[in-house]
Amino acid sequence: MKKGVMRPGHVQIRVLDLEEAVAHYRDLLGLIEMDRDDQGRAYLKGWTEVDKFSVVLRQADEPGMDFMGFKVLNNTVLEQLESDLTAYGCAVEQIAAGELAGCGRRIRFEVPTGHRFELYAEKEQTGKWGVSNVNPEAWPMDLKGMKATRFDHCLLYGPNVEATYALFRDVLGFDLAEQVIDPEGNRVAAFLTASMKAHDIAFIDCPEPGKFHHASFFLETWESVLRAADLISMTNTSIDIGPTRHGLTHGQTIYFFDPSGNRNEVFCGGDYHYPDHEPVTWKAEDLGKAIFYHDRVLNERFLTVLT
Amino acid sequence: MPTITVENAEACQTFEIKPGESLLVGSEKCLSRAIPVGCRGGGCGVCKVRIVMGRYDSKRMSKAHICERQADAGYVLACRVYPLSDMRIEVVNQSQAEKACLK
Ligand code: FES
Ligand SMILES: [Fe+2]
């Protein structure tokens with residue numbers, strides 16, 4: 001049941017070299033560089049996003065994901081979810097408005113897979129980049145690279161997927177859109193949505209907690225996924241796999257890496273989900289086809305290469 | 001062009017590095033299977049090797065995979081190492097099964 005969580009709002013990614021990372025996300029993915037702060041973090045977003053930023057890059061010793069944030073409908077919802085999380089047994093950390101430039105008060109908590117999540121109700125709205133909100137043109141003319149339209153979802157690896165799913169379902173009101181079930185009946189992957197999208201966040205079972213598999217960005221067409229592949233080759237960017245299609249969610253996709261080894265995805269298409277939909281199930285025996293629909297075999301990297 | 005010798009490969013392997021190429025990309029291009037390929041960005045730790053001998057430049061590597069103690073002992077991530085001379089290296093056998101998820 002919906003609890004007022006609207007959408008993935010931001011992800012803070014650790015990188016080994018900030019300027020190299022900014023160049024990758026800005027010039028190759030085509031995100032818009034929006035701001036820097038006095039901690040040296042860089043703020044970017046996809047051009048269709050109305051809020052000021054969705055990707056925050058922080059230089060650190062160790063790549064990976066610091067946290068992912070979801071925007072909720074309003075402050076009443078934020079207060080309600082804060083007390084629901086506390087009642088559920090989560091330690092909730094308060095982060096003052098302005099700690100991320102342009103973002104309102106955030107609450108942060110850790111889930112059983114070892115990842116940190118945030119909720120917030122307010123972020124400065126700068127509007128879609130390069131187009132007006134009145135009689136908007138189709139797209140801005142001076143976009144770069146892959147012209148990624150928005151930050152879409154993350155896939156995270158860690159233990160206790162079941163407990164994390166329960167928290168997202170019972171406290172935050174997410175639905176299970178797709179899942180992978182092993183022969184013993186364990187849920188080894190959970191694709192969760194707070195919207196009509198096939199996933200807003202996904203988890204895959206892994207003994208090591210808090211691992212980052214990828215941050216994903218939305219493109220409009222298969223043609224633009226192929227163009228993204230061309231750009232990856234033109235720029236000698238580290239490729240993982242694709243262009244191909246996922247079985248899970250049926251999105252058309254390509255995986256590659258940022259200069260610090262964090263995996264990125266750009267994709268288009270994908271299934272939709274309404275609250276009355278039964279979850280779609282893939283069998284773990286057919287994981288190859290579930291992940292890479294055309295090859296039908298997993299590459300080792302999908303399971304082992306994480307930050 | 002620097003020649004790299006992998007001392008502990010099943011059959012002793014050598015490959016050459018073109019200017020500007022990392023140890024890992026050089027190995028990949030020579031179709032050498034000696035060094036496992038991951039992110040190629042110093043983040044995942046899959047390409048860990050130990051330098052036995054040789055000079056090189058390097059870029060930053062994730063502290064999660066190369067701590068100071070390991071760095072002092074000659075461990076590096078091959079994707080962040082740019083050989084300046086012939087080198088002898090050892091591939092670090094991290095059990096892939098151990099690292100693998102869903103297994
Ligand atoms: S391939 Fe990932 S650290 Fe070298
Ligand atoms: Fe994805």
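In what follows, every chain begins at residue 1, and chains take the letters A, B, ... in the order their sequences are listed.
- In this structure, the side chain of A/R263 does not engage the main chain of B/C39 through any donor-acceptor pair within 3.5 Å.
- For OH of A/Y293, the number of neighbouring non-hydrogen atoms (other residues, nucleotides, ligands) closer than 6.0 Å is 12 at most.
- Atom-to-atom distance recorded for B/H65:NE2 and A/T307:OG1 is 8.0 Å, nearest 0.5 angstrom.
- Among the residues in residues 56-63 of chain B, those with a non-hydrogen atom closer than 4.5 angstrom to a non-hydrogen atom of chain A are B/K59, B/R60, B/M61, B/S62, B/K63.
- The part of A/A60 that comes within reach of chain B is its backbone (N, CA, C, O), which places non-hydrogen atoms under 4.5 angstrom from that chain.
- Residues B/G38 and A/R301 share a closest heavy-atom pair of O-CD, 3.6 Å.
- Summarising the geometry, atom CZ belonging to A/F257 is positioned 10.0 Å from atom SG belonging to B/C79; distances are rounded to the nearest 0.5 Å.
- Listed here is the closest heavy atom pair of A/P259 and B/R80: O-NH1, 3.3 Å.
- Heavy-atom distances place both the backbone and the side chain of A/D61 under 4.5 Å from chain B.
- Contact between A/L16 and B/G41 at its shortest, heavy atoms only, is CD1-O, 3.7 Å.
- With a threshold of 4.5 angstrom between heavy atoms, B/V37 approaches chain A through its backbone and through its side chain.
- For CZ of A/R36, the number of neighbouring non-hydrogen atoms (other residues, nucleotides, ligands) closer than 6.0 Å is greater than 12.
- Annotation: maximal heavy-atom pairing with chain B below 4.5 Å, among A/N186, A/I239, A/D17, occurs at A/I239.
- Closest heavy-atom contact between A/T304 and B/V46: O-CG2, 4.4 Å.
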